[in-house]
2 protein chains.
Amino acid sequence: MLHIFHDYLHAKFPITEQEFALIEQVAIQRRLRKRQYLLQEGDVWKYDAFVCKGLMRTYRVDDKGQEHIIQFCPENWWTGDRQSYVTGEPARYNIEAYEDSEVILIPKADFREIRMKIPALNNFIFDLLERSFIALQNRVNSNIMHTAEEKYAQFLKTYPDMSNRVPLHMIASFLGITPETLSRVRSHQLKK
Amino acid sequence: MLHIFHDYLHAKFPITEQEFALIEQVAIQRRLRKRQYLLQEGDVWKYDAFVCKGLMRTYRVDDKGQEHIIQFCPENWWTGDRQSYVTGEPARYNIEAYEDSEVILIPKADFREIRMKIPALNNFIFDLLERSFIALQNRVNSNIMHTAEEKYAQFLKTYPDMSNRVPLHMIASFLGITPETLSRVRSHQLKK
DNA sequence: TTACAGCCTTGACATTTGTCAAGGTTTTTT
DNA sequence: AAAAAACCTTGACAAATGTCAAGGCTGTAA
């Protein structure tokens, strides 16, 4: 599992083997079966998590018991609850494996130390956060200026492979529409 | 104008006068009258911008000519188009002064250099980005799980002073609803 | 195999939100 | 002061989306 992370980092910025060893020392490897949880609402999230394999979903449950998916996280992406991570508050999100997965966890304090020792890593993480920010902003955009149909079309364009990996009702949840509406939007698009 | 930025930074993290002088050397001070633009769609955004005074709005225009407000930025906040900044693409957003404003611009290349020279600044900017990310994520949340009425209630809670500074139709635009819907939501809330 | 659970679709109907048009008020400009 | 523009509200109606219920399909478990 670690070699995937190793290759990923090497592809992203120059990192020596000595530097990678620092990460290796503190990395926690975790295998998750489908439906196992990485984080449950109420717990405090204290890691940086890299998904080597599989697919995680982050969701939240509202007062009516409805699930709302905030993020899909496939292999080679990072996941976690940044709000809980930063503030120390209990998480409002659940993170669950939707496929059998392999995840590397790096405890917050360790990761901070290592980032300070490896400036290139620190810069990379900064870039990553910047890109996540941009992605989120585009999503807000999509939410406030598009109809259900346009949002779905944009989803397909932005995450083309995701549509094969998760059921439609989860895509609906991610988009903030009901499964019925998504179903109708789709049958409408077919007619074109 | 610079002293406001000076005080802001001092309040946020320890910074020496020598360090601040580095920033001062490259800082561009700009005064904007209401309705003047800081950025226009199509231009490339190359600054980090701190608002000392006033209020900026970032918005986008869709195919039908409709404006959609992405961000309000009052004094003591940072603004800009991060997508254009990071990728070098032409901006899709407009940034306009909604009140007479004073803004400090720091060119991207200079800011990067200074951040590398002042680790505490770099860490602070990282924290800031992290918090912006969290705020955006909460907004996505609100968008996908709430009705117009709930979104407005949450807006009032999250940005209590903003409701006194901008007209209602701009709040509607920010929330992704029509002014008429907002008006009805408000009259409905009064009845409670 | 049978039974079951999860998933997707469809129809009928309710609710929410958008659109268009009008009017009144306030603010800004001339 | 007068005129114009911006802003907010309201009504009537249309369109989009949600809710509820039913049914069929598919893959998995017993």
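Throughout, a chain's letter reflects where its sequence line sits, starting with A, and its residues are numbered from 1.
- We find that CZ of Arg184(B) is positioned 15 Å from C1' of dC7(D), with the value rounded to whole Å.
- At the heavy-atom level, Leu182(B) lies nowhere under 4.0 Å from the strands shown.
- No hydrogens or angles were tested; on distance alone, a donor-acceptor pair under 3.5 Å links the side chain of Glu180(A) to the base of dC20(D).
- Summary of the strand contacts: Lys34(B) and Ala148(B) both lie near DNA chain C, and taking for each the nucleotide with the nearest heavy atom, the more 5' one is attributed to Ala148(B).
- Taking every side-chain heavy atom of Thr181(A) into account, dT17(D) is the closest of dT17(D), dT10(C), dC8(C).
- Outside the 6.0 Å centre-distance limit, the rings of Tyr93(A) and Tyr59(A) are not counted as a close aromatic pair.
- Residue Ser183(A) places none of its side-chain N or O atoms closer than 4.0 Å to OP1 or OP2 of dC8(C).
- The separation between Asn164(A) atom CG and dC8(C) atom P is 12 Å, rounded to whole Å.
- Nearest nucleotide to the side chain of Pro167(B), out of dT9(C), dG18(C), dC7(D): dC7(D).
- Remark: side-chain polar atoms of Arg139(A) are not paired, donor with acceptor, to backbone N or O of Leu136(B) under 3.5 angstrom.
- In this structure, His188(A) places its NE2 atom 13 Å from P of dT10(C), rounding to the nearest Å.
- Here the two rings, on Phe50(A) and Trp78(A), have centers that are under 6.0 Å apart.
- A donor-acceptor pair under 3.5 Å is absent between the side-chain atoms of Thr58(A) and the main chain of Ile70(A), judged by distance alone.
- Nucleotide dC8(C) holds its P atom 13 Å from the CD1 atom of Ile177(A), rounded to whole Å.
- When the nucleotides dT19(C), dT17(C), dC8(D) are ranked by their closest atom to the side chain of His169(B), dC8(D) comes out on top.
- Going from atom CG of Leu168(B) over to atom C1' of dA6(D) covers 13 Å, rounded to whole Å.
- The interatomic distance linking Glu150(B) (CD) with dT17(C) (C1') rounds to 14 Å, in whole Å.
- Rounded to an integer number of Å, the gap from His146(B) NE2 to dG18(D) P is 15 Å.
- Proximity of the aromatic rings of Trp77(B) and Tyr159(B) is defined here by a centroid distance below 6.0 angstrom, and this criterion is not met.
- Between Thr147(A) and Met170(B), it is Met170(B) whose nearest contact on DNA chain D lies nearer the 5' terminus.
- Residue Gln66(B) is the one, among Arg35(B) and Gln66(B), whose nearest nucleotide of DNA chain C lies closer to the 5' end (criterion: closest heavy atom).
- Rounded to an integer number of Å, the gap from Ile171(A) CD1 to dC7(C) P is 12 Å.
- Checking the phosphate oxygens (OP1, OP2) of dT9(C), a side-chain nitrogen or oxygen of Arg186(A) falls inside 4.0 Å.
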